[in-house]
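The structure under discussion appears below in the form of structure tokens.
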Amino acid sequence: MAGELTLRVITPDRIVVDEPVESVQIPALDGSMGILPRHAPMVAALQVGVLRYRGKSGEKVLFVSEGFAEVRDNLLRVVCEAGETAGEIDEKRAREAEQRARERLSRKGEAATAAETFDQLRAEAALRRALMRLKVLEYGSRDRVRS
Ligand code: ATP
């Protein structure tokens, strides 16, 4: 339909979502950003987080990893390293990833070398991915109750 916003979320191995939407909240690097139909063209970097949107069947949430978003001609393209709907997230795997990352972080004292600093940053990033996946699961189950 003319004037309708389309959300397309693409990862290296698949298209996670491609559908008409009423509104989208993306986890931009500098905070959550709302996108409505007829949004001005823009590009924004994304942080690992929760993408929320309102589609034909109500509110939905997605996990998105690092990437970027681009809006042009009523098409919001999100290109990210990984993306999953609430129904696709494996809770056990996310909890195990959280546990592993917390263990790695707790073993570290002050990072003394560049390699240790790098390991710590990787563990922090892994922890954030795990926590955001668990958040999407939590929001997803609430949204299923509402819609
Ligand atoms: P893990 O340590 O469990 O692999 P990760 O955060 O390092 O987690 P990513 O690098 O973000 O994983 O993703 C690698 C691939 O695995 C992607 O295709 C992603 O969609 C998928 N993936 C990772 N964790 C989960 C999960 N808990 N449920 C479903 N798919 C997942």
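All ligand and atom numbering here is 1-based and tracks the order in the structure.
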Exercise for the section: Pick one of side chain, backbone, both or neither for how E91 approaches ligand 1, counting any non-hydrogen atom pair under 4.0 Å. Expected result: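 It is neither; nothing of E91 touches ligand 1.
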Problem - Within reach of ligand 1, part of R100 (heavy-atom separation under 4.0 Å) - result: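 Under 4.0 Å from ligand 1, R100 contributes side-chain atoms alone.
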Practice task
Mark yes or no: R52 above the aromatic ring of Y139, with NZ or CZ under 6.0 Å from the six-membered ring centre and no more than 45 degrees from the axis.
Solution key: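 The answer is yes, since R52 meets both limits relative to Y139.
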Exercise for the section: Could you pull out, from R95, R93, E96, the option with a heavy atom nearest to atom 14 (C) of ligand 1? Expected result: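 It is R93 that holds the nearest heavy atom.
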Among protein heavy atoms, which lies nearest [atom], and at what distance?
atom                    : answer
atom 27 (N) of ligand 1 : D90 O, 3.0 Å
atom 9 (P) of ligand 1  : R133 NH2, 3.8 Å
atom 29 (C) of ligand 1 : E88 O, 3.4 Å
atom 17 (C) of ligand 1 : A82 CB, 3.9 Å
atom 10 (O) of ligand 1 : R129 NE, 4.2 Å
atom 20 (O) of ligand 1 : E84 OE2, 2.5 Å

Practice task
Might you confirm whether atom CZ of R38 has over 12 heavy atoms from other residues, nucleotides or ligands at distances under 6.0 Å?
Solution key: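 Counting other residues, nucleotides and ligands, CZ of R38 stays at 12 neighbours or fewer.
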Practice task
May I ask you to check whether S65 has an N/O atom sitting below 3.5 Å from an N/O atom of ligand 1?
Solution key: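 No, no N or O pair falls under 3.5 Å.
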Practice task
May I ask you to check whether D13 has an N/O atom sitting below 3.5 Å from an N/O atom of ligand 1?
Solution key: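 No; the residue has no nitrogen or oxygen that sits under 3.5 Å from a nitrogen or oxygen of the ligand.
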Handout entry: Verdict with supporting geometry, L46 and V78, side-chain contact (heavy atoms from CB on, under 4.5 Å)
Key = CA-CA 9 Å; L46 296 182; V78 172; 3.5 Å; yes
Exercise for the section: Test salt bridge (Lys or Arg N to Asp or Glu O under 4.0 Å) on E91 and R95 and set out the steps. Expected result: CA-CA 6 Å; E91 181 174 357; R95 292 205 184 280; 2.9 Å; yes
Practice task
Show your reasoning for whether side chain to side chain donor-acceptor pair (under 3.5 Å) applies to Q47 and R128.
Solution key: CA-CA 10 Å; Q47 57 176 321; R128 182 170 173 92; 3.2 Å; yes
Problem - Backbone N/O of L75 and side chain of D73: donor-acceptor pair under 3.5 Å - result: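 Such a contact is absent between D73 side chain and L75 backbone.
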Practice task
Keeping the roles fixed (side chain from E88, backbone from T85), state whether a donor-acceptor pair exists under 3.5 Å.
Solution key: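 The answer is yes, because a donor-acceptor pair under 3.5 Å joins these two groups.
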